[in-house]
Visitor: 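I have a structure here, written as structure tokens, and I will follow up with some questions on it.
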Amino acid sequence: MLSVSAFSASSSSSDLSFHFRNNWNFRTFGRPSSSLPQESSNLVAEKKEDKTRGRVSARSVTKDKILISNSQISEQHNPPPLVAALKASAEQNVASFHFPGHNRGRAAPNSITELIGLKPFLHDLPELPELDNLFSPEGPILDAQQQAAKLFGSLETWFLVGGTTCGIQAAIMATCSPGEILVLPRNSHISAVSALILSGAVPKYIIPEYNFDWDIAVGVTPSQVETAIKELEKRGQKAAAVFITSPTYHGICSNLSEITQLCHSHGIPVIVDEAHGAHLGFHPHMPTSAMQQGADIAVQSTHKVLCSLTQSSMLHMSGKIVDREKICRCLQTLQSTSPSYLLLASLDAARAQISENPETIFEKALQLAIEAKNMLRKISGISVLDGSSLPKFHAIDPLRLTIGFQQLGLSGYEADEILCKDHDIICELVETQSITFIISLGTCREHVQKLVSGIKHLAASSAPTRAAKRRVDSDNCAPFADIKTSLIPRDAFFSGKRKVRIENSLGEVCGELICPYPPGIPVLIPGEIITKKALDYLLHVRSKGAVISGASDSQLSSIVVCNK
């Protein structure tokens, strides 16, 4: 197994030596390359004759099909190890008397085969000897994971079939025993909260920086982490681990290089929820990855911007602070004993897809993203989130496109409804002040043109009727800025509970995890005192269209609380 240092020292430029730069604060849009023009007329969505538009679209689609076809041919010449093993196993002419019950598609339900065909069932195989064992890999799974470790610059990589949620739970359980302290941002994903319940760790929350103009949490600074460590030291305590989310859902990256150096000077491992950053570091215009910045563990959703199947992720580990055997034991506890080989093979395939041309594979996506932002900035009443809005967080994922409609007097929910119903545009994330769109390897020029055109029409139709340009109310308060904890999450989870009406819940200890979707950040966590600010925020976002997850009463007329 290769270490990061060994890989960096021995690799040539073709072997990704560029990955180990440490320029976390590179301004994404400050230094364009010649291949990524700042201006382009390609995205000008002017009205044209239907026939002309048809010809342009056809050329674009044909070009995209050629690119996809070339990628497939290239991979077939040197098939990924797990993909090759799955293909060979499925092609065997055998009498099979094993699970799953559809028996290699012979009894596949017609309703689903009409939708996706028989091939997925032919390759939906169990842990046959030739396919290796996820929990004790010695063959193609081991080979695939080792190749992934080399690509992503880790000491060791594990494939996950339970999503990044499973990886985060394993990382926290492997570093924090019951009663030990985990430093983490209060806006961490619910998977971190479930890990606190599973591990019995005690949370030491950091309140992240908050941007009230955009109504979003933007990240954690090194000074905040240092303050948390010093506060614990004054009480004679030490954190078992520090947990950071970087990048955020909006692509905002924390200075992991400084944070990891600080934590390592105290002997504390750093875990990074890098669910939204599996693609980082693969282009000079992208921020560097968590592994490149010295993190001990990074968990990535390979299915988000990269191209594996939904629910498949990877856990990367470097350094010697974290015990790999603990990670293995935790993953074996948390993951299914019947893992999907389609998910595992898709991880191997996604790795191979990037490995073929890592330095240029994102060129097209980056060009589309930059052109789209330049065009959108020219639309009156539209704001684009960038580094100038976040002076402490210069590194932003260039493939995230967060658009604000505040000047038009529109909330994100209202703008999303218009774009969806009137223009057939589906976004990734809707919030009170903004909408976030994702540019990925699969994004085509035609769809970016449609997005720009749709927002142009939205702005034009909104401006006359909203001349006053009222400011969308964000309550000017972070939803978790005033937290008080009575019980640790594990104790609250297992305590006796009762249901009370919401007007009678103030001051009670919350017994459920209440989380608006999107974006999946808990506003109330089991064990926290219910405050007026938290309730007001929940009622506010629910009135704007957010779905309340985790609460037994999604309408929030009542709340489950812990017995006193």
Side-chain angles (χ1 to χ4, degrees), residues 1-2 7 11-19 64-91 119-120 122-125 130-132 134 137-161 164 167 274 277-283 286 289 291-292 298-316 339-365 399 440-443:
M1 202 72 66
L2 292 174
F7 175 53
S11 300
S12 64
S13 60
S14 62
D15 288 332
L16 310 181
S17 61
F18 77 96
H19 279 288
D64 288 344
K65 285 183 178 178
I66 291 172
L67 289 173
I68 293 171
S69 176
N70 288 340
S71 174
Q72 290 172 340
I73 291 171
S74 178
E75 285 186 16
Q76 287 171 0
H77 283 306
N78 187 22
L82 190 50
V83 173
L86 187 59
K87 181 176 184 291
S89 184
E91 290 176 348
K119 276 196 172 182
L122 293 173
H123 296 87
D124 181 30
L125 299 173
E130 65 269 20
L131 294 181
D132 208 359
L134 180 61
E138 296 178 344
I141 292 179
L142 178 62
D143 189 3
Q145 291 184 158
Q146 287 177 335
Q147 292 192 42
K150 181 178 180 181
L151 176 67
F152 290 97
S154 65
L155 181 66
E156 189 163 357
T157 290
W158 290 264
F159 284 1
L160 309 175
V161 294
T164 294
E274 203 173 24
H279 60 296
L280 297 186
F282 287 108
H283 193 282
M286 286 185 184
S289 70
M291 286 287 101
Q292 293 164 338
V299 191
Q300 300 174 337
S301 292
T302 318
H303 64 88
K304 293 192 184 300
V305 178
L306 301 188
C307 302
S308 65
L309 292 173
T310 297
Q311 195 176 312
S312 60
S313 296
M314 295 186 192
L315 186 154
H316 306 292
S340 165
Y341 276 81
L342 287 171
L343 294 181
L344 294 172
S346 77
L347 287 169
D348 193 23
R351 185 276 313 161
Q353 182 183 38
I354 301 298
S355 297
E356 287 181 2
N357 208 349
E359 295 163 332
T360 59
I361 191 169
F362 285 101
E363 197 80 23
K364 175 187 171 184
L399 300 184
S440 70
L441 293 174
T443 303

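Only this structure's heavy atoms are used, side chains among them; waters, hydrogens and symmetry mates stay out. Predicted model, so just to flag it, every value in this text is computed and none were measured. Positions are given from 1 along the sequence.
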Visitor: Hey, which of Val299, Leu160, Leu347, Thr164 is the one that makes side-chain contact (heavy atoms from CB on, under 4.5 Å) with Met314?
Guide: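 Of all the options given, the one that passes is Leu347.
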Visitor: So how far is it from Gln146 CD to Thr157 OG1, rounded to the nearest 0.5 Å?
Guide: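 Answer for the CD-OG1 pair, Gln146 versus Thr157, is 10.0 Å.
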Visitor: Return the set of residues passing side chain to side chain donor-acceptor pair (under 3.5 Å) with Lys119 (not counting sequence neighbours), or none when no residue passes.
Guide: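 Expected list: none.
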Visitor: Which heavy-atom pair separates Leu342 from Pro120 by the least distance, and what is that distance?
Guide: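 Shortest heavy-atom contact: CD1-O, 3.5 Å.
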Visitor: With rounding to the nearest 0.5 angstrom, report the NE2 to CD distance, His283 to Glu363.
Guide: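 The CD atom of Glu363 is 4.0 Å from NE2 of His283, to the nearest 0.5 Å.
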Visitor: Which pair of non-hydrogen atoms, one from Phe282 and one from Met286, has the smallest distance, and what is that distance?
Guide: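 Taking Phe282 first and Met286 second, the nearest heavy atoms are N-SD, 4.3 Å.
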Visitor: Who are the salt bridge (charged side-chain N to carboxylate O under 4.0 Å, His left out) partners of Glu138, not counting sequence neighbours?
Guide: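 Listed in chain order: nothing, the list is empty.
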Visitor: Given Gln353, which of Leu441, Leu306, Asp348 fulfils the side-chain contact (heavy atoms from CB on, under 4.5 Å) condition?
Guide: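 Of the listed options, the one satisfying the test is Leu441.
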Visitor: Enter the distance from Trp158:CH2 to Ile141:CD1 here, rounded to the nearest 0.5 Å.
Guide: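 Result: 14.5 Å between the selected atoms.
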Visitor: To the nearest 0.5 Å, tell me how far Glu359 CD sits from Asn357 CG.
Guide: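 If we round to the nearest 0.5 Å, Glu359:CD and Asn357:CG are 7.5 Å apart.
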Visitor: How close do Gly139 and Asp132 get, counting heavy atoms only, and between which atoms?
Guide: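 Heavy-atom minimum between the residues: N-OD2, 2.6 Å.
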Visitor: Rounded to the nearest 0.5 Å, what separates atom NE2 in His279 from atom CD in Gln300?
Guide: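 The NE2 atom of His279 sits 10.0 Å away from the CD atom of Gln300.
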Visitor: Of the non-hydrogen atoms in Glu274 and Ala298, which two are nearest, and what is the gap between them?
Guide: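 For Glu274 and Ala298, the tightest heavy-atom pair comes out as OE1-CB, 3.6 Å.
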Visitor: Any non-hydrogen side-chain atom of Leu134 less than 4.5 Å from a side-chain atom of Tyr341?
Guide: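 Leu134 does not reach Tyr341 side chain to side chain.
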Visitor: Looking at His316 versus Phe152, is the centre-to-centre ring distance below 6.0 Å?
Guide: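 Yes.
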Visitor: SG of Cys307 to CD1 of Ile354: how many Å apart, nearest 0.5 Å?
Guide: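 Answer for the SG-CD1 pair, Cys307 versus Ile354, is 6.5 Å.
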Visitor: Mind listing the closest non-hydrogen atom pair of Ala345 and Val83 along with its distance?
Guide: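 Residues Ala345 and Val83, closest heavy atoms: O-CG2, 3.4 Å.
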Visitor: If I compare all heavy atoms of Met291 with all of Gly153, which pair ends up nearest, and what's the gap?
Guide: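 Scanning both residues, the minimum pair turns out to be CB-O, 4.0 Å.
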Visitor: Would you say the side-chain atoms of Thr443 pair up with the backbone N or O of Ser440, donor to acceptor, closer than 3.5 Å?
Guide: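 A pair under 3.5 Å: yes.
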Visitor: For the backbone of Ala85 and the side chain of Glu130, can you confirm whether one donor and one acceptor N or O come within less than 3.5 Å of each other?
Guide: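 Pair absent, no side-chain N/O of Glu130 close to backbone of Ala85.
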Visitor: Taking the side chain as everything from C-beta on, heavy atoms only, tell me whether Gln147 gets closer than 4.5 Å to Pro81.
Guide: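 In short, these two side chains touch, coming nearer than 4.5 Å.
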Visitor: Is the backbone of Ser313 close enough, under 3.5 Å, to the side chain of Ser301 for a donor and an acceptor to pair up by distance?
Guide: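 Not a single qualifying donor-acceptor pair exists.
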